[in-house]
There are 2 protein chains.
Amino acid sequence: MVKPAKTSADKRPPLSRDRVLHEAIAVADEGGMDALSMRRLAHRLGVEAMSIYYHLENKDALLDGMIDRVMAEIELPEPDEEWQPGNRRRAVSLHNMLARHPWAAPLMESRTNPGPVALRYYDAVLGSFRTAGFSVPMAAHAFAAIDAYVYGFGLQEFSLPFDEVPIEEIGQAILQTLPPDEYPYLTEMIIDHALQPGYDYSAEFEWGLDLILDAFEQRLGES
Amino acid sequence: MVKPAKTSADKRPPLSRDRVLHEAIAVADEGGMDALSMRRLAHRLGVEAMSIYYHLENKDALLDGMIDRVMAEIELPEPDEEWQPGNRRRAVSLHNMLARHPWAAPLMESRTNPGPVALRYYDAVLGSFRTAGFSVPMAAHAFAAIDAYVYGFGLQEFSLPFDEVPIEEIGQAILQTLPPDEYPYLTEMIIDHALQPGYDYSAEFEWGLDLILDAFEQRLGES
DNA sequence: ACCTGAACACCGTTCAAGT
DNA sequence: ACCTGAACACCGTTCAAGT
């Protein structure tokens, strides 16, 4: 008997850990963490909910796997790169990753078992500071401060459901209900800054990032 | 007929928006966001789940109410206070609030309708910068950078379930499974820094905060 | 005015069973 | 080896009904 050749429409690729993780990230990217249920994910994979449990132990393992995957999207500082441009590139690419995966920031910080991708990432970043002459405590300061800034900025920037409604309308809407003499500085900020034509909030990210990087450069020179 | 005097054990105080919010915050503080279900909350209030809906429209309104309440715990910069000590005090008290309510950081950033408490907070912070001579764009920079740092730091510090297990054991556990020659800088950081007797991670927060505040002080002097 | 019971459309997960 | 169906203990919310 000859095995019948299957047409491409005939059958989906078999379920696998990889396919499940890929689709889970897609679901979370589109609809947020609330949209990611085992049942809905299974439906998108053309399979029953219970089938997922053959490839991943439970939902926690699914979340760990998703984090490991998106962390691989972060560019590492290169060994032959100066610490500042290397970490600038890393921070910007982390920021971009958080833009693609708005659900990731809170999740990354609440998981306890770092995968190999995470460990390599930590080691590369710490290495970039140490080889540039940072002391061990100073490397800890730099890692903590830069990452707190990047995650925190991403948290406010990307966890808002502003994909459809442009930020101007939000500002306008707030202005409508705002007694201007009760909140003069907030009113001023919205009118004279946030609602100005050239305003670009994402430029704010790199401004603050450079402030922090420059501050470390300075401390390095002092010691 | 005389109304019978009720003994204190006889009856709980009647349900109210205030009691619901108070208890909801307590539940989230103890068990995290996952523990907060309408049914469990109702049970703690000695009431059926549906009773809550009389006082709050739905779970979203509950979350908005919780955020408004915890934001009231943040100390505002005073009008007669210098911008730097005022914002240092504010940032530290925000950090403390996030320590008490680890669930708050991701939630605060994902809500869209700021209550009166939030508006007053924004206005007070912006006012402290403007009266100190910050331009409007510079006040925006400062607010964005400082708050990104505080929220991001709190995110990594408090969303970990490290209440019971001390951080040393975590470090030890990671070390066990870590091939030291593959991750030399990470190994060094854990052994020579994180596991040292005097190590205090919470001191890291104020170190980075002062770095950022000083950097703004400097830019102010330059312009 | 304030609270409840039953019902609906969902969850994650276990476990025995199918191929 | 890989997938499924039925079942369990949960969710948020609607709606009509109780006092």
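Here the structure is a predicted model, which is why all the values come from computation and not from measurement. Protein chains get the first letters and strands the later ones, always in sequence-line order, with residue 1 at the start of each.
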Interface residues of residues 54-69 of chain A with DNA chain C (non-hydrogen, below 4.0 angstrom): A:Asn58, A:Lys59

Are the aromatic ring centres of B:Phe158 and B:Phe153 under 6.0 angstrom apart? no

Under 3.5 Å donor-acceptor pairs involving side-chain atoms of residues 60-71 of chain A, not counting sequence neighbours:
residue: A:Asp64; atom: OD1; partner: A:Arg111; partner atom: NH1; Å: 3.4
residue: A:Arg69; atom: NH2; partner: A:Asp18; partner atom: OD1; Å: 3.4
residue: A:Arg69; atom: NH2; partner: A:Asp18; partner atom: OD2; Å: 2.9

Please list every donor-acceptor pair under 3.5 Å in which a side-chain atom of residues 96-103 of chain A meets a protein atom from a residue at least two apart or in another chain.
residue: A:Asn96; atom: ND2; partner: A:Val92; partner atom: O; Å: 3.4
residue: A:Arg100; atom: NE; partner: A:Glu73; partner atom: OE1; Å: 3.1
residue: A:Arg100; atom: NH2; partner: A:Glu73; partner atom: OE1; Å: 3.1
residue: A:His101; atom: ND1; partner: A:Asp29; partner atom: OD1; Å: 2.8
residue: A:His101; atom: ND1; partner: A:Asp29; partner atom: OD2; Å: 3.1
residue: A:His101; atom: NE2; partner: A:Glu73; partner atom: OE1; Å: 3.0
residue: A:His101; atom: NE2; partner: A:Glu73; partner atom: OE2; Å: 3.0
residue: A:Trp103; atom: NE1; partner: A:Asp29; partner atom: OD1; Å: 2.6

Output the rounded distance in Å from [atom1] ([X]) to [atom2] ([N]).
{"X": "B:Met33", "N": "D:dC11", "atom1": "CE", "atom2": "C1'", "answer": "15 Å"}
{"X": "A:Tyr53", "N": "D:dC3", "atom1": "OH", "atom2": "C1'", "answer": "14 Å"}
{"X": "A:Ile52", "N": "C:dT14", "atom1": "CD1", "atom2": "P", "answer": "14 Å"}
{"X": "A:Met38", "N": "D:dT4", "atom1": "CE", "atom2": "C1'", "answer": "15 Å"}

Can you name the atoms? Protein N/O to nucleotides 15-19 of chain C N/O, anything below 3.5 Å, with the distance.
none

Between D:dT4, C:dC3, D:dA7, which nucleotide has the shortest distance from any of its atoms to the side chain of A:Ser51? D:dT4

For D:dC11, take OP1 and OP2 only and decide whether either is under 4.0 Å from a side-chain N or O of B:Arg40. yes

Along DNA chain C (nearest heavy atom to each residue), the more 5'-positioned of B:Arg39 and B:Leu15: B:Leu15

Check whether any side-chain N or O of B:Gln196 sits under 3.5 Å from a backbone N or O of B:Ile191 as a donor-acceptor pair, and report yes or no. yes

Is the side chain of A:Ser110 donor-acceptor paired with the backbone N or O of B:Ser159 at a distance under 3.5 Å, no angle test? no

Identified stems (criterion: three or more consecutive Watson-Crick or G-U pairs, under 3.5 Å), DNA chain C: C:4-8 with D:12-16, C:12-16 with D:4-8

Out of the candidates B:Phe143, B:Phe205, B:Trp207, only one should pair with B:Tyr149 under the ring-ring contact (aromatic ring centres under 6.0 Å, His included) rule; please name it. B:Phe205

Which pairs pass side-chain hydrogen bond (donor to acceptor under 3.5 Å, both in side chains) with one or both residues in residues 32-42 of chain B, sequence neighbours excluded? none

For the residue pair A:His95 and A:Glu206, confirm or rule out a side-chain donor-acceptor distance under 3.5 Å. no

Can you name the one residue among B:Arg88, B:Arg89, B:Arg90 that meets salt bridge (charged side-chain N to carboxylate O under 4.0 Å, His left out) with B:Glu75? B:Arg89

